[in-house]
Amino acid sequence: MHIVLEAAGDGGVRATGLDESDEPRFTEEFPRGRLPEWVAAHADGPRWVWDDTARWYPRLLDAGVRVERCTDLRLCHAVLRRALATARSRLATAEPNGWDRLETQGPDDGGLFRIGDETAQLDAVAEFRLQREAVAQADGGRLGLLLAAESAGALIAAELTFAGVPWRADVHDRILTGMLGPRPAPGMRPARLAELLGELRERFGSPDLNPDSPPELLRGLRRAGISVSSTRSWELKRVEHPGIPALLEYKKLSRLASANGWQWLDSWVRDGRFTPVYVPGGVVTGRWASNGGGALQLPAQVRDAVRADDGWKLIVADAAQLEPRVLAGLSGDLAMARAAQGADLYSGMVESGAVQTREQAKYGMLGAMYGGTRGESGRMVPRLGKAYPRALGLVEAAARAGERGESVSSLLGRSSPRPGTTWPALGDVDDQAEADERERRARSDNRAWGRFTRNFVVQSTAAEWALCWMAALRNRLWTLGSGTLRERPHLAFFLHDEVLVHSPAGLADEVAEHVRQTAAEAGRLLFGAFPIEFPVTVSVVDSYADAK
DNA sequence: GACCACCGCGCG
DNA sequence: AAAGCGCGCGGTGGTC
């Protein structure tokens with residue numbers, strides 16, 4: 001059973017129930033204030049269909065209503081418009097319409113039903129039927145599963161924001177004070193930074209050196225006789241000069257102060273929770289992005305501020321070597337799957353004799369998946385190609401396809417965008433040097449796009465695995481404990497291949513077991529009987545900083 | 001003052 | 001130790 005929810009006139013909601021053949025069985029209109037109770041009354045688990053989860057679900061959550069499953073038409077539309085498997089469908093061949101321009105909105109910007117003229121005209125029932133038709137006709141991929149996973153991700157994202165990351169502002173402040181000195185007056189430099197500034201100005205003999213400005217800093221360093229091409233830390237680390245340690249520490253600490261300092265704390269932490277906004281499908285590969293607060297870049301330095309509530313625990317779970325394992329499954333490479341049978345894939349590669357050291361295995365795999373050509377990484381790729389021809393062959397083929405300007409697809413059928421078509425006409429260049437330069441640029445752009453498509457097949461399939469893992473885990477967590485979402489064990493944070501569950505202490509071990517089981521379940525869902533394992537490292541802790 | 005490109009660096 | 005992929009964000013310094 002599907003129930004489509006749409007905005008109706010006068011701030012009302014129209015609900016259309018569809019049967020197994022997607023034929024309307026009922027239509028009902030009611031005021032939007034009644035939405036939570038109306039949804040709650042349909043507890044038999046229909047799949048709710050709506051334009052944008054971020055616009056509908058937060059209000060339901062606020063009213064204490066959780067839904068089991070949904071179809072997020074905006075996200076699904078984006079997948080189907082681009083997927084190779086649905087390229088010939090009516091949905092994909094139509095001119096771009098409102099669904100392509102529909103931007104996700106939170107419940108706060110524009111309100112649930114004041115969503116602009118264009119959006120108000122979108123017909124969710126018609127769009128839903130077009131999507132179903134496209135999926136039914138698809139000649140490849142497993143798009144039904146992908147759309148379900150994508151939509152489950154949208155529910156999870158809203159629930160993560162609703163729950164928030166448990167955050168101890170007092171601990172965060174203690175960390176900052178320990179590293180930077182006490183909180184300075186607004187606009188003032190923290191004491192430790194002021195001290196370092198004085199020191200490095202003295203050591204570089206440059207009383208007004210400004211390390212906050214890369215161009216100025218570069219000039220200052222050159223005046224001091226240091227020849228570097230940039231002011232990046234890794235380049236400065238190679239320089240022997242008495243001022244360098246102070247400069248590096250200054251850069252490190254000023255980064256902490258500006259990105260995750262007291263200002264950040266004031267802006268993003270309220271009532272013991274950090275509540276980031278996640279953007280499911282925000283990355284071309286299907287990974288999530290985030291909006292504000294830098295949720296996906298929380299530095300290790302401040303993770304100790306993430307603390308379970310009293311009587312609760314954090315269950316921190318990290319999928320070990322997710323991308324290479326995904327590549328083994330995607331390519332059906334039995335030799336690589338065998339190397340992955342222990343807890344550590346890279347050691348398994350060494351034991352099988354493919355390479356000599358764990359480091360070689362690790363950097364070689366990175367090179368294979370990212371398109372590395374230089375250094376240790378580039379040297380190892382051919383060796384891995386001999387040991388794992390199927391796996392390496394798959395990423396090579398993806399790179400060649402990208403260089404030819406073709407799309408590539410994930411396991412479930414998410415397809416990459418086509419490269420931008422900025423080919424200059426050959427005829428309009430009469431200068432040979434100019435023509436050569438363009439030729440060189442074009443080749444370099446092609447190779448860069450090949451590295452993108454090479455990585456796309458792995459990163460996007462890994463994102464699918466992670467969605468399946470989380471969706472299964474979300475369902476299990478709901479069956480533990482009782483009460484509202486925040487009273488039961490619930491997902492509190494997600495970072496590509498890592499999840500954090502906040503749980504009453506008494507249920508923590510049970511949660512840990514479910515985390516492991518659902519990881520295995522996600523592997524079977526994607527790769528069937530193919531023998532590739534997805535071990536997760538699970539820690540039950542009070543502080544995020546104590547994980548693993 | 002608003003906007004934008006670039007740098008540098010945090011995360012996976 | 002960095003390189004090859006994907007991001008977001010704060011600061012600077014340029015343009016309009």
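Numbers restart at 1 for each chain; the letters A, B, ... are given by sequence-line order, proteins then strands.
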Specify the residues of residues 244-282 of chain A, ordered by number, for which at least one heavy atom lies under 4.0 angstrom from an atom of DNA chain B. Lys251(A), Lys252(A), Arg255(A)
Consider the side chain of Pro214(A), meaning its heavy atoms from C-beta on, and name the nucleotide among dC7(B), dC5(C), dA2(C) that approaches it most closely. dC7(B)
Can you establish whether the number of heavy atoms outside Gln517(A) located under 6.0 Å from its atom CD is more than 12? yes
Once hydrogens and angles are ignored, does a donor-acceptor distance under 3.5 Å link the base of dG8(C) to the side chain of Gln297(A)? yes
When the distance from CG of Leu327(A) to P of dC5(C) is rounded to whole Å, what number comes out? 17 Å
For dC9(B), does OP1 or OP2 lie under 4.0 Å from any side-chain N or O of Ser233(A)? yes
Is the closest basic N to carboxylate O distance between Glu396(A) and Arg454(A) below 4.0 Å? yes
Measure from the ring center of Trp264(A) to the ring center of Phe274(A) and say whether it is less than 6.0 Å. yes
Using the side-chain heavy atoms of Arg303(A), tell me which of these nucleotides is nearest: dA3(C), dC7(C), dC11(B). dC11(B)
Pairing of Asp497(A) and Arg325(A) as salt bridge, 4.0 angstrom limit: no
Contact nearer the 5' end of DNA chain C, comparing Gln459(A) with Gly375(A): Gly375(A)
dG4(C) pairs with which nucleotide, Watson-Crick or G-U wobble, both distances below 3.5 Å? none
Tell me: CD of Glu216(A) to P of dC7(B), nearest whole Å? 16 Å
May I ask you to say what Leu298(A) touches in the nucleic acid, namely base, sugar-phosphate or nothing, with a heavy-atom cut-off under 4.0 Å? sugar-phosphate
Which glycosidic conformation, syn or anti, is assigned to dG10(C) if syn requires a torsion within 90° of zero? anti
Kindly point out which of dA3(C), dC11(B), dG13(C) is positioned nearest to the side chain of Pro215(A)? dG13(C)
Testing dA2(C), dG12(B), dG10(B) for proximity to the side chain of Pro299(A), the answer is dG10(B)
Once you round it to whole Å, what is the distance between P of dC7(C) and OH of Tyr370(A)? 12 Å
If you check the Arg232(A) side chain, which of dC9(B), dC7(C), dG4(C) turns out closest? dC9(B)
Closer than 4.0 Å, any side-chain N/O of Arg451(A) to the OP1 or OP2 of dC5(C)? yes
Scan Tyr363(A) against the nucleic acid and name what it touches under 4.0 Å (heavy atoms): base, sugar-phosphate only, or nothing. base
Out of dG12(B), dA2(C), dT12(C), minimum distance to the side chain of Asp212(A) belongs to dT12(C)
Whole-Å distance separating the CD atom of Glu323(A) from the C1' atom of dC5(C): 8 Å
Please work out if Val284(A) contacts a base, only the sugar-phosphate, or nothing of the nucleic acid, heavy-atom cut-off 4.0 Å. sugar-phosphate
Counting side-chain heavy atoms from CB outward, which of dA2(C), dG8(C), dG8(B) is closest to Ala289(A)? dG8(C)
Val283(A) has its side chain closest, among dG6(C), dC11(B), dG13(C), to dG6(C)
Under 3.5 Å, is there a donor-acceptor pair between the Ser543(A) and Asp304(A) side chains? yes
Separation of dC11(B) P from Phe494(A) CZ (nearest whole Å): 17 Å
With hydrogens left out and only the distance checked, is there a donor-acceptor pair under 3.5 Å joining Arg454(A)'s side chain and the base of dG4(C)? no
For the pair Arg476(A) and Glu521(A), find out whether any cationic side-chain nitrogen is under 4.0 Å from an anionic carboxylate oxygen. yes
Which heavy atom of Cys468(A) sits nearest a heavy atom of Ala149(A), and at what distance? SG-CB, 4.4 Å
Using only heavy-atom distances, determine whether the side chains of Ser409(A) and Ser415(A) contain a donor-acceptor pair under 3.5 Å. yes
From the list dG10(B), dC7(B), dA3(C), which nucleotide is the closest neighbour of the side chain of Trp234(A)? dA3(C)
Are any of the side-chain nitrogens in Glu249(A) or Lys252(A) under 4.0 Å away from the carboxylate oxygens of its partner? no
Under 4.0 Å between any heavy atoms, over every strand shown, what does Ala368(A) touch: base, sugar-phosphate, or nothing? Just pick one. nothing
Shortest side-chain distance from Ser213(A), nucleotide among dG12(B), dT12(C), dG8(C): dT12(C)
Quickly work out the Glu498(A) CD to dC7(C) P distance and round it to whole Å. 20 Å
Base, sugar-phosphate or nothing for Gly293(A)? Non-hydrogen atoms, less than 4.0 Å. sugar-phosphate
Nearest-Å distance for atom pair CG/P, residues Leu236(A) and dG8(B): 9 Å
Whole angstroms only, please: what is the CZ-C1' distance between Arg287(A) and dG8(C)? 13 Å
Can a side chain N or O of Ser290(A) be found less than 4.0 Å away from OP1 or OP2 on dG8(C)? no
Mind checking whether Pro58(A) and Thr161(A) have side chains closer than 4.5 Å, heavy atoms only? no
